[in-house]
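Each remark here refers to the structure printed beneath this line.
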Amino acid sequence: MDTVILITILIVIVGLAFDFINGFHDIANAVATCISTRALKPRVAISMAAVMNFLGAISFTGVAESLTKSIVDPFSLNNGEFVVLCGLVAAVIWNLLTWLIGMPSSSSHALIGAIAGAAIASAGFSVINFSGFTTIIIALIISPIIGFSVGYLIYSGFKWIFRNRKRAKTNRHFRVAQIFTAAIQAYAHGTNDAQKTMGVITLALITSGLLKETAGVPFWVQLSCALAMAIGSSVGGFRIIKTVGTKIMRIEPVTGVAADISSLSVIMSATLTHLPVSTTQVIDSSIMGVGTANHKKEVNWRTGKNMLVTWVITLPIAATLAALVYWIAAFLFL
């Protein structure tokens, strides 16, 4: 079998493995709030999220098409498919490590950082499309700030609207609403997160010469990535669900709905404008914004600090790890 074809097949396999891991790694972000308030039982919530993730993933391709050209120029890479494979391997390793310790790191940061790191190791910094890469980084940095702000504003509005109603009665109504907001949030998660792997696989197909640059994302790539993420979501990442659902703040139905609405609005806005964002960062920061609006002392800022550190270090560590994977693999196989 031709080496290029073999590497491309490996890229598809590792890419789908990344999407599978991304599914159970990030499913906590979509369902942790409704599980923590007992609006839904864990298995029911996870099954619902898996279906909605799949539907979201097959609905859009704009982020994938944007990502294909934003990090590197596919035609400027020597052994481009080999670079992509090494980046994917590094991203998978980082995702598994953070899942094992129950820390909700950003799969987006891991994937984007890893692809950039492997490309730099192969051809130097000049290979990076700095205009597109900078746009992605700005979106990744700004989106959690927007999520925090929107969460703060939405819950502040809830407090004013329901200021004369008993908290227990309000929570009973919002527990039902939380089922719907969690479902829509899972859909939003699928619209953005699954597309990143679609973009990387499409990038590999272009660099290997198996796909024209203008062809867009093949449907089989879209469908397979959607299925991989949905199956991964059905497994459920209970370590991270515990962190997001209980260790940031004590979530009630009304605060859970506010967090869901704020995060899904930011994620869907990013999807519609073809920008990849970290759903982990957006959802967690929305929860913190809601908690701050409710009472800032309710937020476990130690957990928030640990999350922030993980978010900051993920991209450079993933890039460094990818560079190491590339150098080792190049020494052995090229």
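Only a predicted model underlies this, so the values are computations on that prediction, with no experimental measurement involved.
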Legend entry - Ring geometry between W301 and F148 (parallel below 30°, tilted from 30 to 60°, perpendicular above 60°):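 Geometry flag for W301 against F148: tilted rings.
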Report yes or no: does [X] contribute a side-chain atom to a donor-acceptor pair with the main-chain N or O of [Y] at less than 3.5 Å?
X    : Y    : result
S285 : P144 : yes
T255 : I251 : no
S234 : I231 : yes
S122 : A118 : no
S156 : A293 : no

Legend entry - Verdict with supporting geometry, D260 and I184, side-chain contact (heavy atoms from CB on, under 4.5 Å): CA-CA 8 Å; D260 287 348; I184 299 171; over 6 Å; no
Do [X] and [Y] have side chains that get closer than 4.5 Å, going by heavy atoms?
X    : Y    : value
V72  : F133 : no
S131 : N129 : yes
C86  : V89  : no
I136 : P276 : yes
V254 : N294 : no
V12  : W220 : yes
L88  : L10  : no

Given the rule that I, L, V, M, F, W and Y join up when any side-chain heavy atoms are under 4.5 Å apart, are [X] and [Y] in one cluster?
X    : Y    : answer
F125 : I112 : yes
I267 : F60  : no
M198 : M229 : no
F162 : L153 : no
I35  : V44  : no

Atom [atom1] of residue position [X] - does it have more than 12 heavy atoms of other residues, nucleotides or ligands inside 6.0 Å?
X    : atom1 : value
F180 : CZ    : no
K41  : NZ    : no
R302 : CZ    : no

Inset, instruction - Please say which of H189, K196, Q195 ends up in a side-chain hydrogen bond (donor to acceptor under 3.5 Å, both in side chains) with N192. - result: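 Of all the options given, the one that passes is K196.
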Legend entry - side-chain contact (heavy atoms from CB on, under 4.5 Å) evaluation trace for L85 with T8: CA-CA 8 Å; L85 178 59; T8 304; over 6 Å; no
Just verifying a value: how many Å separate [X] [atom1] and [Y] [atom2], rounded to the nearest 0.5 Å?
X    : Y    : atom1 : atom2 : value
T314 : L140 : OG1   : CG    : 11.0 Å
Q222 : T197 : CD    : OG1   : 12.5 Å
L275 : I138 : CG    : CD1   : 10.0 Å
H109 : T310 : NE2   : OG1   : 11.5 Å
I9   : S208 : CD1   : OG    : 10.5 Å
C225 : L223 : SG    : CG    : 9.5 Å

Inset, instruction - Establish, yes or no, whether a centroid distance under 6.0 Å links the rings of F331 and Y326. - result: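 Ring-ring flag for F331/Y326: false, centres at least 6.0 Å apart.
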Grab the two heavy atoms, one from [X] and one from [Y], that are nearest each other, plus how far apart they are.
X    : Y    : answer
A90  : L321 : O-CD2, 3.5 Å
A110 : N95  : CB-OD1, 4.2 Å
G216 : L211 : O-CD2, 3.6 Å
V290 : A259 : CG2-N, 3.7 Å
G15  : I201 : CA-CD1, 4.5 Å
M288 : V299 : O-CG2, 3.9 Å

Inset, instruction - Please assess N53 against Y187 for the test side chain to side chain donor-acceptor pair (under 3.5 Å), listing each intermediate value before the final yes or no. - result: CA-CA 5 Å; N53 253 328; Y187 176 85; over 6 Å; no
Inset, instruction - Evaluate the side-chain contact (heavy atoms from CB on, under 4.5 Å) criterion for residues V266 and V277: first the C-alpha distance (whole Å), next the side-chain angles of each, then the deciding distance (0.1 Å), finally the verdict. - result: CA-CA 9 Å; V266 175; V277 296; 5.7 Å; no
In terms of side-chain heavy atoms, does [X] have a donor or acceptor partner in [Y] at a distance below 3.5 Å?
X    : Y    : result
S143 : Q281 : no
W311 : S278 : no
Y152 : S262 : no

Inset, instruction - Show your reasoning for whether side-chain contact (heavy atoms from CB on, under 4.5 Å) applies to S265 and V150. - result: CA-CA 9 Å; S265 63; V150 174; 4.2 Å; yes
Legend entry - Pair F158-F174, ring pair (Phe, Tyr, Trp, His ring centres under 6.0 Å): steps then yes or no: CA-CA 11 Å; F158 280 3; F174 272 91; 5.3 Å; yes
Inset, instruction - Test E252 against R167 for salt bridge (Lys or Arg N to Asp or Glu O under 4.0 Å), laying out the working first. - result: CA-CA 10 Å; E252 299 175 279; R167 187 79 168 193; 2.6 Å; yes
